[in-house]
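Heads up: the structure comes next, in structure tokens.
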2 protein chains.
Amino acid sequence: METPTDRFRKVKNLIDQDALLLSIGDVATATGVSTRQIRYWEKKGYINSTLSESGQRKFTYFELLTVGMIQSRIEAGYTLSGAVKEVQETSGVFKELRKFLQERMDQVNEISTGYEFDLGEVEGVDENKHLFLSLEKGHKRSFKVKKCK
Amino acid sequence: METPTDRFRKVKNLIDQDALLLSIGDVATATGVSTRQIRYWEKKGYINSTLSESGQRKFTYFELLTVGMIQSRIEAGYTLSGAVKEVQETSGVFKELRKFLQERMDQVNEISTGYEFDLGEVEGVDENKHLFLSLEKGHKRSFKVKKCK
DNA sequence: CATCTTTGTCAAATAAGTTGACAAACATTT
DNA sequence: AAATGTTTGTCAACTTATTTGACAAAGATG
């Protein structure tokens, strides 16, 4: 039988693999940056894209976030190159965060009251206890620390 | 001055707002489902899309996941309608999960060794303690439970 | 066997994406 | 001040993507 963990992992794969490649117009609409700007920023090496078989630019979700972060600094008064520098120094956190959550969110159990994700070890509590993310019916959501069997 | 929390929230906004609307071809490539199938599934009411000003279908990321989940069940031997039924019964968890993480991931502090996200209260530990997600330099990543000042 | 479901493919039209060039606004240097 | 560099808009000509509607075919269902 297919368990909730199996189903979850399939969706996780879809998210993990950077299978999603975005068209330039969709990046532009989502970030409020023009396609002309995106192409220029890429030419300058500030952002990256791959080319599809037919020669169209495709962007990962992380590149979309980079575009959005640069734009946000420009709106705050930075020059383009200044904005890029700031973003390059700080954007790594988002990759780290994503990687960590991908690693830890891997095990989910269906229980009578809903779903429970086992997020593994936590510093600062008994060693035989794990952190759980609990999604209960009725939109009751919480983190829990308890023994794992 | 702009704090790490300020910067984080701007990126979070970009992610939260469903600003990202995907073209049908990008959904097709990411999921391995043909554009013909996607249009048919939409006609049957199994998935949803909005229309851009110029009349092109646009899909949210959740709809992409829905397409991927349906496809995954079809590959497991289900009929289309059977796959859809299963997905409709289970996909809510992902929306719940996203919503919960969006709510809890809102506060981040820069500390000497890296970054620390305050995820708030945890059941099963002292009431004056919070759960933290810690991203340290050198890729040391962990959950921590400790007092919050 | 007849029917419904599901998907592929084709055609004609519109929209989106590509590169290259010219221009304009603005900042930086000499 | 004049010259140069940065950044973005816009236009043109061309290629690729998307849209709808129709026909066809394979498979499931009754």
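Throughout, protein chains are lettered first and strands after them, A, B, ... in sequence-line order, and every chain is numbered starting at 1. Source: prediction; values computed, not measured.
Overall bending of the helix from C:dC1-D:dG30 to C:dT30-D:dA1, expressed as the angle between end axes built from five pairs apiece, is 30° (10° steps).
For B:Glu121, there are no side-chain hydrogen bond (donor to acceptor under 3.5 Å, both in side chains) partners, not counting sequence neighbours. Remark: B:Thr31 pairs with no residue by the side-chain hydrogen bond (donor to acceptor under 3.5 Å, both in side chains) rule, at least two apart or across chains. A search for side-chain hydrogen bond (donor to acceptor under 3.5 Å, both in side chains) contacts involving B:Gln71 returns B:Glu75, not counting sequence neighbours. In this structure B:Asp126 satisfies the side-chain hydrogen bond (donor to acceptor under 3.5 Å, both in side chains) test with no other residue, sequence neighbours excluded. Every residue was checked against the ring-ring contact (aromatic ring centres under 6.0 Å, His included) condition with B:Tyr61, not counting sequence neighbours, and none meets it.
Put simply, the side chain of A:Lys10 reaches to within 4.5 Å of the side chain of A:Glu2, judged on heavy atoms.
Note: B:Tyr40 and B:Tyr46 fail the aromatic proximity criterion, with ring centroids not under 6.0 Å apart. Taking the centre of each ring, B:Phe117 and B:Phe143 stay at or above the 6.0 Å mark.
Residue A:Lys12 is tested with A:Leu14, A:Ile15, A:Asp16 for a side-chain contact (heavy atoms from CB on, under 4.5 Å); the sole match is A:Asp16. Remark: of the listed residues A:Glu42, A:Arg57, A:Arg39, A:Glu42 is the sole one forming a side-chain hydrogen bond (donor to acceptor under 3.5 Å, both in side chains) with A:Ser49.
Taken residue by residue, residues 46-63 of chain A places heavy atoms nearer than 4.0 Å to DNA chain C at A:Gly55, A:Gln56, A:Arg57. Residues from residues 28-40 of chain B with heavy atoms under 4.0 angstrom of DNA chain C, sorted by number: B:Ser34, B:Arg36, B:Gln37, B:Tyr40. Contact check of residues 70-91 of chain B against DNA chain C (heavy atom, cut-off under 4.0 Å) returns B:Leu80, B:Ser81.
Mapping heavy-atom proximity under 4.0 Å, the span of DNA chain D touched by chain A runs 5' to 3' from D:dT6 to D:dA17.
Within the structure, every pair that satisfies the side-chain hydrogen bond (donor to acceptor under 3.5 Å, both in side chains) test and touches residues 91-100 of chain B, not counting sequence neighbours, is listed here: A:His139-B:Glu96, A:Arg141-B:Glu96.
Atom pair A:Glu42:CD and C:dG17:P shows a separation of 14 Å (rounding to whole Å applied). Distance CG (B:Asp26) to P (C:dA16): 14 Å, rounded to an integer number of Å.
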List the atom pairs, with distances to 0.1 Å, where a side-chain N or O of residues 108-115 of chain B and a protein N or O form a donor-acceptor pair under 3.5 Å, not counting sequence neighbours.
| from | atom 1 | to | atom 2 | distance (Å) |
| --- | --- | --- | --- | --- |
| B:Glu110 | OE2 | B:Tyr115 | OH | 3.4 |

- Task: Check the pair B:Arg73 / B:Val84 against side chain to side chain contact (heavy atoms under 4.5 Å, CB included), numbers first and verdict last.
- Result: CA-CA 8 Å; B:Arg73 301 309 157 79; B:Val84 168; over 6 Å; no
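A salt bridge links A:Glu136 and A:Lys144; the closest N-O separation between the charged side-chain nitrogens and carboxylate oxygens is under 4.0 Å. The pair B:Asp118-B:Arg104 fails the salt-bridge criterion, with no side-chain N (NZ, NE, NH1 or NH2) lying under 4.0 Å from an Asp/Glu carboxylate O.
Regarding contacts with the backbone of C:dT7, a side-chain N or O of B:Trp41 is found under 4.0 angstrom from either OP1 or OP2.
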